[in-house]
> 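Just dropping this structure here.
Every heavy atom of this structure was used, including side-chain atoms; hydrogens, water molecules and symmetry mates were not. Residue numbering restarts at 1 for every chain, and letters A, B, ... go by the order of the sequence lines.
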There are 2 protein chains.
Amino acid sequence: MQTTTGNTRKPPTLADVAKLAGVSLATASKSLNGRQQVKAETRERVLSAAEQLNFSPNVLARHLLSGRSGTIGLVTHDLEGRFSIPTLMGAEDAAGTGKTSVLLCDARGDALREQYHVQALLGRRVDGLIVVGARPDPRPSLGQLPVPVVYAYAPSQDPADMSVVTDNVQGGRLVAEHLLACGRSRVAIVTGDAGYGAAHDRVDGATAVLAEAGVEVLGGPLYGAWTEEWGRTAAGLVVNRFADVDAIISGSDQIARGVLDTLREAGRRVPEDVAVTGHDNWEILALNARPQLTSIDMNLEELGRRAAALLFDAIEGDPHHGTEVIPSRLVPRGSTGPKPA
Amino acid sequence: MQTTTGNTRKPPTLADVAKLAGVSLATASKSLNGRQQVKAETRERVLSAAEQLNFSPNVLARHLLSGRSGTIGLVTHDLEGRFSIPTLMGAEDAAGTGKTSVLLCDARGDALREQYHVQALLGRRVDGLIVVGARPDPRPSLGQLPVPVVYAYAPSQDPADMSVVTDNVQGGRLVAEHLLACGRSRVAIVTGDAGYGAAHDRVDGATAVLAEAGVEVLGGPLYGAWTEEWGRTAAGLVVNRFADVDAIISGSDQIARGVLDTLREAGRRVPEDVAVTGHDNWEILALNARPQLTSIDMNLEELGRRAAALLFDAIEGDPHHGTEVIPSRLVPRGSTGPKPA
DNA sequence: TTGTAGGCGTTATCAC
DNA sequence: GTGATAACGCCTACAA
């Protein structure tokens, strides 16, 4: 580690390096940037001078010329939440590997705050913007901006925008296919708030597959809340009304946890008597469940990476349009399995 | 909303505004920055020109002069984790209100990646750095850097650095005081990995308070893992060995959830027979528990805000030193209450 | 009250 | 191979 004396001194500039190496600014620049038009020995001298001064080039100054800041803005609406974080990780992943950095803002679901942050980011001359929603329903477009925008998780209402979302319908299908493969035929669905498009999509995917197999959802899907409490309550309703239920599809892992609790207390064995599935693959819930929870992973990190990739394409001048859908995957665990004969 | 035509055109510059307003660069600058040396009417003209062009000043260019980038770097080691997010929110909160933005990097617990990110951030001329750890144990210092650094959640091993951490000892005390106030005297402790300093600190705080009241911890604290599974197992041990236990202090909310499950299945009523406390106040776990979980909130957002405040102080030339401790607070819920007579 | 000119740190384009 | 020099977009003395 270099012995940088003091905290306050301004960082060394290219001029300092050049002076120390006894060359001109131009030569110093070329040396450091690997240009070929400089003698090896000279380059050595510059490099060691830079090393000695602990020089790191001022990226901001570089931006003035290039017109690119090497920075993207990430506006999230759900920083404390479950869904934005993996998306954000994926985006940071895709961005960070190169030499673009991520400016993070939390708009907390407030359109005004969003507007404010977007303006601030534009002032910082970000090369592009990713907007991560809090829930998967379509949201208003930011409109025409001087830089490309990708909407992640929550798509833009404007089909001309770029959006990346999870495939909730397919997620629902995966669950149903899995349960059918397990030999289940008395299937109930317990899911969350009917105000969420995702709730319906997941139900639609599942019911479609079940219907093809001639299986009807017992009593129809039960909508409620995204809580364990509702899972417990709803599972009670199901068990009372359909004693021979052999599978319960839950709209989220939280709901599934509640379902599992009620089943255990009702003396139903999982998965022997009743198979249970969750959704989201929230490991803190899924892995700690008894038994561990079969769930749908929405591949949110992949979604984030994809969003970043689309954004970079657009920045490079190759914009896509419309909504891209990231498939989910089933993560089978102990809460499902073949139905005993 | 301005009708910005096209996606690709370069943003307008101050020169464009000046030209449109028919004034010089300097006058345009003064007008936009509220300098007094310009006629009201002229200012109007400039402002409306700026409006018309949808001009937003290039903050990066401004940095070249001021030497400040209006940006801080946030290096986290636990982006997917429970603890860094609220800290990050607090920091973003404190920063975002002003006009400094946050550059986010996830180092994922890897020192090399951390080093890399720090260099990248320094290249971007951040005004300061906040490093958020993944676990509360002391970590190696980054050493002398050209900008101030604050270590959040995980303190630096070097006392000359600035650190902000949670008060785990005090958290432990709060729990013990609460349980004593509830009239409990047969108290067990179930906590996580003994490799975590936080586990010991919380235990120490609790046992100290209990000892003062003449209460010993039944069988001594049980160390294990930060999982529900261990909570279930350990609670089983406790109940078998100490039938008259009337309180179980859990080292985390996850553990507490496991404890609650075992107690319910053992036929113990909570809180009547046994009071249970958690730690972390992870709402997804605490609020969904039966009954809802009394827990310790570490005030992580406050921690983040404080870290940012310390950083800003240091940036302004008023650096603090040493480790600042943020007190926790008890959040009482249904899992604790007075012991019935 | 307004305009001119220099400089912030870097890179690219030329001459040398 | 190397070195002046002109940008980039903005701000701030200073001059007019």
Side-chain angles (χ1 to χ4, degrees), chain A residues 9-47 49-50 53-71 99 120 122-127 146-147, chain B residues 9-47 49-50 53-71 99 120 122-127 146-147:
Chain A
R9 240 182 26 201
K10 289 179 53 177
T13 77
L14 186 58
D16 298 329
V17 176
K19 185 158 46 166
L20 180 61
V23 297
S24 74
L25 264 168
T27 308
S29 175
K30 285 170 196 157
S31 307
L32 291 172
N33 293 313
R35 290 265 176 287
Q36 288 311 339
Q37 326 149 351
V38 39
K39 191 156 56 171
E41 189 227 271
T42 315
R43 159 167 300 139
E44 278 310 315
R45 205 142 35 92
V46 173
L47 256 43
L53 293 174
N54 200 12
F55 169 78
S56 87
N58 186 331
V59 183
L60 278 56
R62 194 176 278 169
H63 158 70
L64 274 186
L65 287 303
S66 72
R68 293 249 182 102
S69 66
T71 294
K99 45 205 176 11
L122 291 178
R124 290 218 136 70
R125 293 298 184 269
V126 292
D127 298 331
V147 296
Chain B
R9 241 185 23 203
K10 289 180 53 178
T13 77
L14 186 58
D16 298 328
V17 176
K19 186 157 47 167
L20 180 59
V23 298
S24 75
L25 266 165
T27 309
S29 173
K30 287 169 198 159
S31 307
L32 291 172
N33 293 315
R35 289 267 175 284
Q36 288 311 339
Q37 325 149 351
V38 41
K39 192 158 54 172
E41 189 228 90
T42 315
R43 160 166 301 137
E44 277 310 314
R45 204 142 35 92
V46 173
L47 256 44
L53 293 174
N54 200 10
F55 169 79
S56 87
N58 187 331
V59 182
L60 279 57
R62 196 175 274 170
H63 158 70
L64 276 187
L65 290 302
S66 72
R68 292 255 181 98
S69 66
T71 291
K99 45 205 176 7
L122 291 178
R124 288 217 138 68
R125 294 297 184 269
V126 291
D127 297 332
V147 295

> Is there a side-chain polar atom (N or O) of B:S24 under 4.0 Å from OP1 or OP2 of C:dG3?
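The answer is yes; a side-chain N or O of B:S24 sits under 4.0 Å from OP1 or OP2.
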> Distance from B:R125 atom CZ to A:L60 atom CG, nearest 0.5 Å?
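Rounded to the nearest 0.5 Å, the CZ-CG separation comes out at 8.0 Å.
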> With nearest nucleotides of DNA chain C determined for B:L25 and B:R125 from heavy-atom distances, which residue corresponds to the more 5′ nucleotide?
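Its nucleotide being nearer the 5' end, the pick is B:L25.
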> Return the nearest nucleotide to the side chain of B:F55; candidates are D:dC10, C:dT1, C:dT11.
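The answer is D:dC10, which lies nearest to the side chain.
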> Among the candidates D:dT12, C:dT10, D:dT2, find the nucleotide nearest to the side-chain atoms of B:R35.
D:dT12
> Could you tell me how far apart A:L32 (CG) and D:dT2 (P) are, to the nearest whole angstrom?
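After rounding, the reported distance stands at 14 Å.
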> Testing the basics here: between A:L14 and A:A28, what is the closest heavy-atom pair and its distance to 0.1 Å?
CD1-CB, 3.8 Å
> Enumerate the protein-to-nucleotides 13-16 of chain D contacts in which both atoms are nitrogen or oxygen and the separation is below 3.5 Å.
none

> Return the minimal non-hydrogen interatomic distance between B:A50 and B:V17, and the atom names on each side.
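Smallest heavy-atom distance, with atoms named: N-CG1, 3.8 Å.
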> Looking only at non-hydrogen atoms, find the nearest pair between A:F55 and A:L32 and report the distance.
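So the minimum-distance heavy-atom pair works out to CE2-CD1, 3.6 Å.
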> Expressed in angstrom and rounded to an integer, what is the separation of B:R62 atom CZ from D:dC8 atom P?
19 Å
> Which atoms form the tightest heavy-atom contact between A:R68 and A:D127, and what is the distance?
CA-OD1, 3.5 Å
> Side chain of B:V23 only, heavy atoms from C-beta on: which candidate in D:dG1, C:dG9, C:dG3 is closest?
C:dG3
> On DNA chain C, nearest-nucleotide positions of A:T13 versus B:A40: which is more 5'?
B:A40
> Tell me which nucleotide among C:dT11, C:dC8, D:dA4 gets nearest to the side chain of A:S29.
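Shortest atom-to-atom distance from the side chain points to C:dT11.
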> State whether a side-chain donor-acceptor pair under 3.5 Å links B:S29 with B:R35.
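On atom types as modelled, these side chains do not qualify, holding no pair under 3.5 Å.
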> Reckon A:K10 has a side-chain N or O less than 4.0 Å from the OP1 or OP2 of C:dG9?
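For C:dG9, OP1/OP2 do have a side-chain N/O of A:K10 under 4.0 Å.
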> Might you point out which heavy atoms bring B:L65 and B:A61 nearest each other, and give the distance in Å?
CD2-O, 3.5 Å
> Would you say that A:R45 contacts A:V23 through its side chain, given a criterion of any heavy-atom pair below 4.5 Å between the two side chains?
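A side-chain contact exists here, since the closest heavy-atom pair is under 4.5 Å.
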> Looking at every non-hydrogen atom in both residues, tell me the closest pair between A:V126 and A:S69 and how far apart they are.
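Smallest interatomic distance, heavy atoms only, reads CA-OG, 3.6 Å.
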> Give the angle between the helix axes at the two ends of the helix from C:dT1-D:dA16 to C:dC16-D:dG1, taking five base pairs at each end and rounding to 10°.
50°
